[in-house]
Structure formats: structure tokens, C-alpha cells
Amino acid sequence: QVRLVESGGGSVQSGGSLRLSCAASESTEVDYSMGWFRQVQGKGREGVAIIDSRSATYYADSVKGRFTISQDTLKTTLYLQMDSLKPEDTGMYYCAADRRLYSGGYYLRTTDFQYRGQGTQVTVSS
């Protein structure tokens with residue numbers, strides 16, 4: 001079972017940038033789809049960005065052109081570069097992983113992952 005630990009959250013003003021990192025306890029090179037989702041207290045989860053086992057990427061419409069998901073070459077660290085942040089991007093951001101080889105669109109829509117981290121808070125002020 002892979003363990004995931006997020007870092008890089010914080011408070012930033014609207015228009016600013018943050019880079020989230022997610023350290024995995026083992027390489028996620030084989031068969032893993034990885035992703036980020038966020039949750040605002042009292043609301044449901046929202047899939048933000050996915051990178052599947054073939055390294056194809058998927059983004060929520062709300063973050064396209066502003067966020068970039070990537071991995072290091074060893075596939076042990078997942079990143080989310082967040083630029084042009086908006087107050088509506090505020091939330092707890094979770095790193096997640098799954099080996100069931102569903103489509104990237106499925107993970108984006110459902111946030112149904114086998115594993116997830118503890119989350120890191122992102123707060124964007126206007």
C-alpha cells in the first residue's frame with residue numbers, strides 16, 4: 001500500500017502561485033494513476049488534475065491553463081504547479097493514487113482513488 005504525504009500548501013493572494021508536492025513511499029511508475037483533488041469544508045470533493053499510467057494529463061475546466069500536474073523521473077514525487085490562483089481555489093488539497101487503471105476522466109469526475117494523503121491547505125485571499 002503506497003503512502004502519500006503532501007506539502008507546499010499555504011496562504012497566498014489572488015494571482016499568486018503555489019507548488020504542491022506529494023511524496024510517495026514507493027515508485028508509482030507501474031500502473032498507477034495519480035492525481036489531486038480538493039475539498040472545501042461543507043462541500044463535496046472536486047477533481048483537479050490527473051496524470052494516468054501513460055502520463056496523459058486531465059484537468060478540471062476550472063483550472064485549465066492555470067494548473068500543471070507533473071511527476072519526477074522516478075515517479076516518487078507528484079507535483080501541482082498552481083498559477084494565477086483565485087479565491088475559489090481555496091480548499092484542502094489531497095494527493096491520491098490508484099492502480100485499477102480506470103480512465104483519467106473517471107478519476108477526475110469521481111475522485112474515487114484507492115489511496116490518498118492527509119491533505120495540505122491552500123488559502124487564496126482576494
Side-chain angles (χ1 to χ4, degrees):
Q1 175 175 337
V2 66
R3 293 182 298 278
L4 305 168
V5 179
E6 303 94 336
S7 62
S11 297
V12 65
Q13 289 191 326
S14 182
S17 298
L18 284 173
R19 189 191 199 201
L20 305 184
S21 298
C22 171
S25 59
E26 61 187 55
S27 173
T28 59
E29 184 172 15
V30 179
D31 292 343
Y32 275 98
S33 294
M34 304 291 295
W36 295 91
F37 66 89
R38 63 191 179 190
Q39 187 162 21
V40 177
Q41 194 169 8
K43 297 186 179 180
R45 295 177 179 180
E46 179 188 17
V48 174
I50 306 296
I51 184 164
D52 70 14
S53 59
R54 298 165 300 150
S55 298
T57 57
Y58 304 79
Y59 296 94
D61 288 343
S62 59
V63 307
K64 278 181 183 175
R66 300 188 298 120
F67 290 12
T68 304
I69 189 171
S70 64
Q71 291 177 288
D72 67 336
T73 54
L74 294 177
K75 303 288 182 74
T76 57
T77 306
L78 182 72
Y79 302 100
L80 185 68
Q81 178 66 40
M82 305 187 294
D83 298 318
S84 303
L85 282 161
K86 305 175 181 180
E88 50 263 44
D89 295 317
T90 294
M92 185 70 79
Y93 282 70
Y94 296 90
C95 171
D98 194 281
R99 299 192 74 178
R100 294 172 292 176
L101 299 178
Y102 294 152
S103 71
Y106 171 82
Y107 294 117
L108 199 63
R109 288 192 308 273
T110 67
T111 69
D112 177 23
F113 292 91
Q114 292 173 302
Y115 314 107
R116 73 170 199 184
Q118 294 300 305
T120 186
Q121 177 68 34
V122 171
T123 302
V124 184
S125 58
S126 58

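None of these values were measured; they are calculated from a predicted model. FYI, the numbering just counts along the sequence from 1.
- Between Ile69 and Leu78, the closest side-chain pair of non-hydrogen atoms falls below 4.5 Å.
- Counting only distance, with no hydrogens or angles, the side chain of Asp52 and the backbone of Gly104 share no donor-acceptor pair below 3.5 Å.
- A continuous path of ILVMFWY side-chain contacts below 4.5 Å connects Ile50 to Met92, so both sit in one hydrophobic cluster.
- Phe113 and Ile51 sit in two unconnected hydrophobic clusters of ILVMFWY residues. Membership requires side-chain heavy atoms under 4.5 Å apart, directly or through other members.
- Judged by distance alone, with hydrogens and angles left aside, the side-chain atoms of Gln118 form no donor-acceptor pair with the main-chain N or O of Glu6 at under 3.5 Å.
- The hydrophobic cluster containing Val12 does not contain Tyr79, counting ILVMFWY residues as joined when their side-chain heavy atoms lie under 4.5 angstrom apart, directly or transitively.
- Partners of Ser125 by side-chain contact (heavy atoms from CB on, under 4.5 Å), not counting sequence neighbours, listed by chain and number: Gln13.
- Residue Tyr93 is tested with Gln121, Arg38, Gln39 for a side-chain hydrogen bond (donor to acceptor under 3.5 Å, both in side chains); the sole match is Arg38.
- Think of Val30 as one node in a network of Ile, Leu, Val, Met, Phe, Trp and Tyr side chains linked at under 4.5 Å; it has no links at all.
- Using a 4.5 Å heavy-atom threshold, the side chains of Tyr59 and Arg66 count as separate.
- Taking the side chain as every heavy atom from C-beta outward, Tyr94 and Leu4 never approach each other to under 4.5 Å.
- Taken from OG in Ser103 to CZ in Arg109, the straight-line distance is 5.5 Å, to the nearest 0.5 Å.
- Note on Trp36: it does not cluster hydrophobically with Leu108, by side-chain heavy-atom contacts below 4.5 Å among ILVMFWY residues.
- Separation of atoms CG (Asp89) and OG (Ser84) is listed at 9.5 Å; rounding is to 0.5 Å.
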Residues 15-25 side chain polar contacts: donor-acceptor under 3.5 Å, at least two apart:
{"from": "Ser17", "atom 1": "OG", "to": "Asp83", "atom 2": "OD1", "distance (Å)": "2.8"}
{"from": "Ser25", "atom 1": "OG", "to": "Arg3", "atom 2": "N", "distance (Å)": "2.8"}

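- The aromatic rings of Tyr32 and Tyr115 lie tilted to each other, with the angle between the two planes from 30° to 60°.
- Summarising the geometry, atom OG belonging to Ser27 is positioned 8.0 Å from atom CG belonging to Asp72; distances are rounded to the nearest 0.5 Å.
- Between the CG atom in Asp98 and the OG1 atom in Thr111 there is a gap of 11.0 Å [rounded to 0.5 Å].
- For the pair Thr120 (side chain) and Ser7 (backbone), a donor-acceptor distance under 3.5 Å is absent.
- For Asp31 against Leu101, the heavy-atom pair with the smallest separation is O-CD2, 3.3 Å.
- Shown here for Ser53 and Ser33, the closest heavy-atom pair between the two residues is N-OG, 3.7 Å.
- Taken to the nearest 0.5 Å, the CE atom of Met34 stands 12.0 Å off from the CG atom of Leu80.
- With hydrogens and angles left out, the side-chain atoms of Glu46 and Ser62 include a donor and acceptor closer than 3.5 Å.
- The closest donor-acceptor contact from the side chain of Tyr107 to the backbone of Tyr102 lies under 3.5 Å.
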For this session: Run the numbers on Met82 and Val48 for side chain to side chain contact (heavy atoms under 4.5 Å, CB included), then give the verdict.
Result: CA-CA 11 Å; Met82 305 187 294; Val48 174; over 6 Å; no

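- One finds the CZ atom of Arg99 at 8.5 Å from the CD atom of Gln114 (value rounded to the nearest 0.5 Å).
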